[in-house]
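In what follows, a single structure is set out as structure tokens and then discussed.
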Amino acid sequence: MGPEEARAYLLVEGRFREILRKWGYKEVRTSTLDYFDIIRGGAGEGFTDSIFKVQDYDGRLLSLRGEVTTQIARMLASKAKDEGRLCYITNCIRYLESRNLSLREYWQAGAELIGGERISADAEAVALALEMLDSVGIRASVDLGSMGVIRKLMERYGIRDYKGLAGAIASKSIDGLRKVTSDSEALEAFTLLMTKRGGAELIERISDEAGCLKEECEYFRSLYRALEAYGCSSRVFVDLSTIREMDYYNDLVFEIFTPGMGLPIGGGGRYDAMMKGFGIDTTATGFALSIDLCIKALGGADWGKNNDMLRVYYQDGHLEKAIALVRSMRGKGKCCTLDAYRGERSGILVGERTFILESGEEYGI
Amino acid sequence: MGSDRQGRIIFALPNKGRMRDPALRLLESAGIRWLGEERAYLSKTTDPDIDILSVRAADIPVYVYYGIADLGITGRDIVAETGLEVYELADLRFGSCDLVVAVSGESGIKSPLEIPHGSKVATEFPHITKAYFDELGIQVETITLKGAVEIAPRLGLATAIVDISSTGATLEKNRLAAIGKVMSSSARLICNKISYKTKYDKVEAITRKLKELSP
């Protein structure tokens, strides 16, 4: 990443950091290496297939940071027991087939809300993600899914093959669905779930069909009211074919997208079950945004240049005088560089006298 | 990015092969007539909101996955081989074929389970092939070819092949016998996951029409 690109990242990260601070999230840094067993326990087999593994000196398997949520959950179990809101901006590394993504290292900004009340916490996660994106000028939308709805429907229709069902739902494939169930009522309910997209009323339609989702209807209605209070409900849709790759989500899941980008720029959800797996009886919800995709979505944005940079040059025998000048300038908050003079035409030249190269005028600070 | 323009749809179709003409005919019956010239990769249609991108059938899931094209028509076998996450909105019911395991008629092998461990299997579908034999519990070495897979057994390159067969004529001509079906395939309407959300009304309207018109 060259300086121009790095500057774009810093600007986006800076805005994200500012919003996260305003919402009361404390930034943490997680380790680059972690015990593979712990990450596998949290994120699940499918995801952990794609992370880089290395061996420790004693033969134990370590993995490079491929995602942060599991690490934060573990941190809460040991070091940060009383923290409710944590955030991170960091790089992650995963083995991805070059066809899917050209980069194996990618940058994420994310937030985790631990211990909050279900509706208020889920609404906060969605609204915060949208506000972070708004802050850099990305007008995004969110699709909500629900692992809870899928689980209840599986129970209702006696479907056991979660992997097959999730694959069919995630690709809206009716063929795939038929492989998992031949029950006509189940086919009807899941077809409705896979092919419709709308507001909270969609859950009610599926609930009417299946007769088992009363609690979920109430949850989605309340969630929408909270999102309305945040002023973002018009950008939030229900699409129950939204399924995330990580195994740890057990209830609400969501994906964030913006027109023109072929891939979601972020996503998240609720992962109470993983917290319990780490021995913490609490609730948790969170999300991550891809900084790389945000930069891409902003395309030709003008990230500006460091225009306030002054270049100071010295002639032979005047280095000490030039050092005194740049020290004094930097002390006053100015940004400047110091180099030997090689015939440059712009900047400040320190010699017998100190003057501006462009105009020849005397320079004084 | 090609499909940025709000409300406009880029539709990826195979630029040649057995699926191109039926795909063009299906679109035409839906009122979307191709106005392009042969070899032009991006062409207008009679629907001002829809452009057609003509690319290799095998690459269509890639263009759709990245959102360069919003919609695409390609074989189910091809979508499965790339393993990319795209929505499969409809079975368009043309271009039907089976992906089969075939061996030389003289080999005496009657079932995929009789293929010896360590055999070489030539195919244009290495991912599907590996998953299929993994499931059977037979370790094979897959050899990826880009065409003319059916000659591999005769030339001694492979014991078996995994290849598409619609009538069985090609297999017969090469004295091969199909001994197992890996999957059935036909043309699918696929959609980029984000386009489905951001261009929902248009995508839904096209999907509905194509589903109605599919035989």
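Chain A is the first sequence line, chain B the second, and so forth, proteins listed ahead of strands; every chain is numbered from 1.
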Which bit of B/Tyr200 comes within less than 4.5 Å of chain A, counting heavy atoms only: side chain, backbone, both or neither? side chain

How long is the span from the CD1 atom in B/Ile194 to the OG1 atom in A/Thr258, to the nearest 0.5 Å? 9.0 Å

Does atom CD of A/Glu228 have more than 12 heavy-atom neighbours, drawn from other residues, nucleotides or ligands, at distances under 6.0 Å? no

Within the supplied structure, the quantity of interest is the number of heavy atoms (other residues, nucleotides, ligands) at a distance under 6.0 Å from B/Phe125 CZ; does it exceed 12? yes

At what distance, to the nearest 0.5 angstrom, does CG of B/Leu89 lie from OG of A/Ser171? 9.5 Å

Is it the case that more than 12 heavy atoms not belonging to B/Glu28 sit under 6.0 Å from its CD atom? yes

For B/Arg56, does the CZ atom have more than 12 heavy-atom neighbours from other residues, nucleotides or ligands under 6.0 Å away? no

Heavy-atom check, side chain of A/Lys172 versus side chain of B/Tyr196, under 4.5 Å: yes

How long is the gap from CZ on B/Arg208 to OG1 on A/Thr195, to the nearest 0.5 Å? 11.0 Å

Do the side chains of B/Glu88 and A/Asp175 get nearer than 4.5 Å, heavy atoms only? yes

B/Glu85 CD: over 12 foreign heavy atoms closer than 6.0 Å: no

Under a 4.5 Å heavy-atom cut-off, does chain B meet the side chain of A/Ser141, its backbone, both or neither? neither

Taking atom NZ of B/Lys197 and atom CD1 of A/Ile256, what is their separation to the nearest 0.5 Å? 11.5 Å

Rounded to the nearest 0.5 Å, what separation is found between the CZ atom of A/Arg197 and the CD atom of B/Glu204? 10.5 Å

Do other residues, nucleotides or ligands put more than 12 heavy atoms under 6.0 Å from the NZ atom of B/Lys130? no

OH-OG distance between B/Tyr87 and A/Ser173, expressed to the nearest 0.5 angstrom: 12.5 Å

Has A/Lys179 got more than 12 heavy atoms of other residues, nucleotides or ligands less than 6.0 Å from its NZ? no

